[in-house]
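Throughout, protein chains are lettered first and strands after them, A, B, ... in sequence-line order, and every chain is numbered starting at 1. The figures here come from the full heavy-atom set of this structure, side chains too, leaving out hydrogens, waters and symmetry mates. The structure displayed is predicted, hence computed values, not measured ones.
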Amino acid sequence: NAGVTQTPKFRVLKTGQSMTLLCAQDMNHEYMYWYRQDPGMGLRLIHYSVGEGTTAKGEVPDGYNVSRLKKQNFLLGLESAAPSQTSVYFCASSYGLTSGFTDTQYFGPGTRLTVL
Amino acid sequence: AQSVTQLDSQVPVFEEAPVELRCNYSSSVSVYLFWYVQYPNQGLQLLLKYLSGSTLVKGINGFEAEFNKSQTSFHLRKPSVHISDTAEYFCAVSVPGAGSYQLTFGKGTKLSVIP
């Protein structure tokens, strides 16, 4: 099992450009999450999904959109990147069906995004 | 809303010495508590979690944590650290029920093990 993978690992954007981050998991998990990690801030939840075709806002959703068209994939989009979105982005997934959100979340290796 | 405070941003400790990483939380309702570890250039990995029951929770790699409701704390301990324990450790809290999807993380504690 590859677990949770993220593409790309690094990206540099100019202000106003758009991009999509891809998260894939091969554990048949129902729940998936996108976080951002900033120095001295811990992780903050951007969006999450409790199943294919469903998404919901987390703590810091502004400037981001997500889609979950397939159970194994969770996409994070930036339509018009801003320097404030420079961060490390982590995707995570969890089983979810029997224990809800208390299941262990499995994290991907992260995507380091710089917006100039 | 709940919050998490990790009292130390950096903790240096000599190899084979004991370590305690402190975590305090604030919440008006009961909570679930977690400790995650992030090794350099990697994602987070669950060390242990407290949902209910025994207040002493044992996790992977020899770590354990004790839930203290009266002091609203969930400190992480290891009796003897190894070089491989060098990493950043995050305490997190969630609220049972409708809000349990959201893990609220502390700012992290960087543990440096000195040979």
A.B. asks: To the closest 0.5 Å, what do you measure between CE (A:M41) and CZ (B:F105)?
C.D. replies: 13.5 Å
A.B. asks: If I measure from the heavy atoms of chain B, does A:Q6 come under 4.5 Å with its side chain, its backbone, both, or neither?
C.D. replies: neither
A.B. asks: Would the number of heavy atoms belonging to other residues, nucleotides or ligands and lying under 6.0 Å from CZ of A:R112 be above 12?
C.D. replies: no
A.B. asks: In the single-linkage hydrophobic clustering (I, L, V, M, F, W, Y; side-chain heavy atoms under 4.5 Å), do A:V60 and A:M19 co-cluster?
C.D. replies: yes
A.B. asks: To the nearest 0.5 Å, what is the distance between OH (A:Y106) and CG (B:L46)?
C.D. replies: 8.0 Å
A.B. asks: Linking I/L/V/M/F/W/Y whenever their side-chain heavy atoms sit closer than 4.5 Å, directly or via other members, would B:F14 and B:V113 fall into one cluster?
C.D. replies: no
A.B. asks: Quick check: is B:Y25 connected to B:L47 through a chain of hydrophobic side chains (ILVMFWY, heavy atoms under 4.5 Å apart)?
C.D. replies: yes
A.B. asks: Roughly how far apart are A:Q37 CD and B:L44 CG, rounded to 0.5 Å?
C.D. replies: 6.5 Å
A.B. asks: Evaluate whether atom CD of A:E52 has more than 12 neighbouring non-hydrogen atoms of other residues, nucleotides or ligands under 6.0 angstrom away.
C.D. replies: yes
A.B. asks: With rounding to the nearest 0.5 Å, note down the distance linking CG in A:L43 to CG in B:L103.
C.D. replies: 9.0 Å
A.B. asks: Test of understanding: clusters of I, L, V, M, F, W, Y form through side-chain heavy atoms closer than 4.5 Å, transitively. Do A:L113 and A:V66 belong to the same one?
C.D. replies: yes
A.B. asks: Once you round to the nearest 0.5 Å, how far does CD of B:Q42 lie from CZ of A:F90?
C.D. replies: 9.5 Å
A.B. asks: Side chain, backbone, both or neither: which part of B:Q6 has a heavy atom under 4.5 Å from chain A?
C.D. replies: neither
A.B. asks: Using side chain to side chain contact (heavy atoms under 4.5 Å, CB included), reason through A:T104 and B:K49 one step at a time and then give a plain yes or no.
C.D. replies: CA-CA 9 Å; A:T104 298; B:K49 61 183 176 183; 3.7 Å; yes
